[in-house]
Peer 1: 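Just passing along the structure, written as structure tokens.
From a predicted model like this one, the values you see are computed outputs, not experimental measurements.
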Amino acid sequence: AGRARLRLTYGPGSADLPRDVVVKMVIDQPGVDSALYETEVQIYRDVLPGLAIPQIACLGAAYEGTSERFVLLLEDLTAQKPFFPLSIDKPLTPERVAGQLSILAKLHARYWNSPDLDAMGGWLGTLLKGRQFDFLEAITVPAITQMMEESTYRADLVARTGWTPEQLWNGVKATHAYHDRIMPRTLVHGDTGAHNTYHLPDGNFGFYDWQLSAAGCWAHDVHYNIIESLSIADRKGNERALIQHYIDELARNGVTDAP
């Protein structure tokens with residue numbers, strides 16, 4: 001998707017809304033399957049307003065199915081000097097990851113085995129079914145192969161597993177299928193790496209980029225957030241405590257059958 005920055009001027013008596021905004025939209029041709037655009041619009045428009053979690057202010061969201069175009073009008077955080085982390089550059093602390101898991105626990109608890117997931121089925125896929133999954137099914141193996149060809153670092157990572165790109169993707173799908181059989185379902189963010197979090201100097205932080213949200217298992221969000229946010233040493237030293245923290249947070253938010 002393309003992006004443009006705007007500075008808005010409001011008329012007299014308007015609500016106290018952000019003046020600096022980012023417009024996220026299709027500028028030329030869609031860069032990904034339109035299912036991802038529709039999912040993100042629905043999340044910002046219908047899901048996030050009902051969740052008491054930190055979030056980037058959304059002033060407007062629309063998706064048009066015929067043209068497969070969308071628009072999101074989001075607060076521009078630039079003036080607040082946000083930090084957008086990459087785990088290979090500057091890993092987060094275990095304490096900050098615990099805070100991220102608290103946010104995910106609130107999201108998951110709200111939709112824990114909820115019939116609302118069925119009502120959202122017109123646009124919300126699962127980790128193994130729907131337009132979003134069909135898109136990932138088509139691109140994942142070629143994408144892994146291309147990344148291996150372009151990066152010796154990534155090629156080495158895959159080589160260490162002893163698996164081909166096809167085997168890696170089949171393993172992911174098998175894990176999702178197993179979780180579907182034995183685990184409660186909920187609404188997952190779907191892409192909870194540190195690169196999809198924002199952190200402000202005043203201590204506020206949260207998730208953005210909700211294009212891969214789906215109905216699925218809580219563990220999909222939790223394990224990826226832990227692995228992709230911490231250094232290897234911090235993960236090894238804190239992963240069990242962090243998972244227990246997440247489970248405790250589920251209970252604190254009303255889940256009675258937490259794993």
Side-chain angles (χ1 to χ4, degrees), residues 32-33 35-36 38-40 42-43 47-48 51 53 55 85 87 92 97-114 116-118 120-121 123-141 143-144 157 161 163 165 167-197 206-230 235 238-240 242-251 253 255 257-259:
V32 297
D33 190 278
L36 278 66
E38 182 179 15
T39 297
E40 187 164 36
Q42 294 281 2
I43 292 291
V47 173
L48 290 177
L51 291 173
I53 62 173
Q55 52 194 272
S87 59
L92 299 177
V97 174
Q100 293 176 167
L101 294 177
S102 294
I103 294 172
L104 291 175
K106 286 186 178 181
L107 167 67
H108 295 166
R110 164 60 183 84
Y111 289 96
W112 197 262
N113 273 335
S114 172
D116 291 343
L117 295 172
D118 296 321
M120 296 152 63
W123 58 270
L124 184 71
T126 76
L127 296 175
L128 285 171
K129 184 171 63 176
R131 291 167 54 212
Q132 188 185 83
F133 170 77
D134 293 341
F135 170 71
L136 295 174
E137 176 83 329
I139 72 161
T140 297
V141 171
I144 295 174
L157 285 178
T161 70
W163 286 12
Q167 290 172 321
L168 286 171
W169 179 232
N170 287 336
V172 170
K173 292 187 289 184
T175 300
H176 290 330
Y178 176 69
H179 286 162
D180 277 353
R181 292 195 301 270
I182 68 167
M183 289 287 191
R185 64 174 185 157
T186 186
L187 176 64
V188 297
H189 176 285
D191 194 8
T192 55
H195 58 280
N196 281 331
T197 64
F207 291 90
Y208 67 98
D209 200 346
W210 296 79
Q211 292 184 346
L212 292 180
S213 297
C217 175
W218 59 271
H220 179 69
D221 276 353
V222 170
H223 93 275
Y224 188 41
N225 185 246
I226 292 175
I227 290 171
E228 222 275 334
S229 297
L230 294 171
R235 175 186 57 78
N238 295 275
E239 58 188 352
R240 290 183 179 274
L242 287 169
I243 292 172
Q244 186 60 55
H245 168 78
Y246 166 81
I247 292 172
D248 292 343
E249 287 290 283
L250 282 179
N253 284 278
V255 173
D257 58 344

Peer 1: Under the criterion side chain to side chain contact (heavy atoms under 4.5 Å, CB included), I'd like the reasoning laid out for E228 against H195: C-alpha separation, chi angles, the key distance, then a yes or no.
Peer 2: CA-CA 8 Å; E228 222 275 334; H195 58 280; 3.5 Å; yes

Peer 1: Restricting to salt bridge (Lys or Arg N to Asp or Glu O under 4.0 Å), what partner residues turn up for K129, sequence neighbours left out?
Peer 2: none

Peer 1: Rounded at 0.5 Å granularity, tell me how far CZ in R110 sits from CG in L51.
Peer 2: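 That separation rounds to 7.0 Å.
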
Peer 1: Do F207 and L104 make a side-chain contact, defined as non-hydrogen atoms from C-beta onward lying under 4.5 Å apart?
Peer 2: yes

Peer 1: For D118, which residues count as a salt bridge (Lys or Arg N to Asp or Glu O under 4.0 Å) partner, sequence neighbours excluded?
Peer 2: R185

Peer 1: Let's go through T39 and Q211 carefully: what are the C-alpha distance in whole Å and the side-chain angles of both, what is the deciding distance for side chain to side chain contact (heavy atoms under 4.5 Å, CB included) to 0.1 Å, and is it a yes or a no?
Peer 2: CA-CA 6 Å; T39 297; Q211 292 184 346; 5.8 Å; no

Peer 1: Which residues pass the side chain to side chain contact (heavy atoms under 4.5 Å, CB included) test with I247, sequence neighbours left out?
Peer 2: I243, Q244, A258

Peer 1: Please identify each residue that fulfils ring-ring contact (aromatic ring centres under 6.0 Å, His included) with Y208, with sequence neighbours left out.
Peer 2: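 Y208: ring-ring contact (aromatic ring centres under 6.0 Å, His included) contacts with F84.
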
Peer 1: Report yes if the side chains of Q42 and W210 come closer than 4.5 Å at any heavy-atom pair, otherwise no.
Peer 2: no

Peer 1: Mind running side chain to side chain contact (heavy atoms under 4.5 Å, CB included) on Q100 and L92 for me, showing each step along the way?
Peer 2: CA-CA 10 Å; Q100 293 176 167; L92 299 177; 3.1 Å; yes

Peer 1: Only pairs at least two apart or in different chains count here, so list each salt bridge (Lys or Arg N to Asp or Glu O under 4.0 Å) that has a residue in residues 212-225.
Peer 2: none

Peer 1: Quick one, L127 and F133 - any side-chain contact, counting heavy atoms below 4.5 Å?
Peer 2: no

Peer 1: Any non-hydrogen side-chain atom of D257 less than 4.5 Å from a side-chain atom of W112?
Peer 2: yes

Peer 1: Only counting residues at least two apart or in another chain, list the ones meeting side chain to side chain contact (heavy atoms under 4.5 Å, CB included) with A138.
Peer 2: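 Testing A138 for side chain to side chain contact (heavy atoms under 4.5 Å, CB included), a comparison that skips the adjacent residues, returns none.
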
Peer 1: Working to the nearest 0.5 angstrom, can you tell me the gap between I43 CD1 and L48 CG?
Peer 2: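 So the gap between those two atoms works out to 6.5 Å.
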
Peer 1: Who passes side-chain hydrogen bond (donor to acceptor under 3.5 Å, both in side chains) against T192, sequence neighbours left out?
Peer 2: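 Checked T192 against side-chain hydrogen bond (donor to acceptor under 3.5 Å, both in side chains); zero matches.
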
Peer 1: For S102, what residues pass the side-chain hydrogen bond (donor to acceptor under 3.5 Å, both in side chains) criterion, not counting sequence neighbours?
Peer 2: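 H245, E249.
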
Peer 1: Do P85 and T197 make a side-chain contact, defined as non-hydrogen atoms from C-beta onward lying under 4.5 Å apart?
Peer 2: yes

Peer 1: Suppose we screen for ring-ring contact (aromatic ring centres under 6.0 Å, His included). Which residues come up paired with H108, at least two apart in sequence or across chains?
Peer 2: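 Counting only residues at least two positions away or on another chain, H108 forms a ring-ring contact (aromatic ring centres under 6.0 Å, His included) with Y246.
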
Peer 1: To the nearest 0.5 angstrom, please state how far the NE2 atom of H179 sits from the CZ atom of R181.
Peer 2: 10.0 Å

Peer 1: For the residue pair A109 and L250, what are the closest heavy atoms and their distance?
Peer 2: N-CD2, 4.2 Å

Peer 1: Side chains of T126 and L117: closer than 4.5 Å at any heavy-atom pair?
Peer 2: no

Peer 1: Mind listing the closest non-hydrogen atom pair of A214 and L124 along with its distance?
Peer 2: CA-CD1, 3.6 Å

Peer 1: Any idea which heavy atoms bring W218 and P259 closest together, and the distance?
Peer 2: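 For W218 and P259, the tightest heavy-atom pair comes out as CZ2-CG, 3.3 Å.
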
Peer 1: Can the ring centres of H220 and H176 be said to be less than 6.0 Å apart?
Peer 2: yes

Peer 1: Nearest 0.5 angstrom please: D209 CG to L36 CG, how far?
Peer 2: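 Answer for the CG-CG pair, D209 versus L36, is 9.0 Å.
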
Peer 1: Using the salt bridge (Lys or Arg N to Asp or Glu O under 4.0 Å) criterion, which residues pair with D248? Sequence neighbours excluded.
Peer 2: none

Peer 1: Going by heavy atoms in the side chains, are L101 and V222 under 4.5 Å from each other?
Peer 2: yes

Peer 1: Is a donor on one side and an acceptor on the other found under 3.5 Å between the side chain of Q132 and the backbone of L128?
Peer 2: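 No; judged by distance alone, with no hydrogens or angles, the pair does not exist.
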
Peer 1: Do the side chains of N225 and V97 get nearer than 4.5 Å, heavy atoms only?
Peer 2: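 SC-SC contact between V97 and N225 confirmed.
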
Peer 1: Mind running side chain to side chain contact (heavy atoms under 4.5 Å, CB included) on L187 and D116 for me, showing each step along the way?
Peer 2: CA-CA 10 Å; L187 176 64; D116 291 343; over 6 Å; no

Peer 1: To the nearest 0.5 Å, what is the distance between CD1 (I103) and NE2 (H189)?
Peer 2: 10.5 Å

Peer 1: Please identify each residue that fulfils side-chain hydrogen bond (donor to acceptor under 3.5 Å, both in side chains) with W169, with sequence neighbours left out.
Peer 2: E137

Peer 1: Which residues satisfy the side-chain hydrogen bond (donor to acceptor under 3.5 Å, both in side chains) test with W123, sequence neighbours excluded?
Peer 2: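 If we apply the side-chain hydrogen bond (donor to acceptor under 3.5 Å, both in side chains) test to W123, skipping adjacent residues, there are no hits.
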
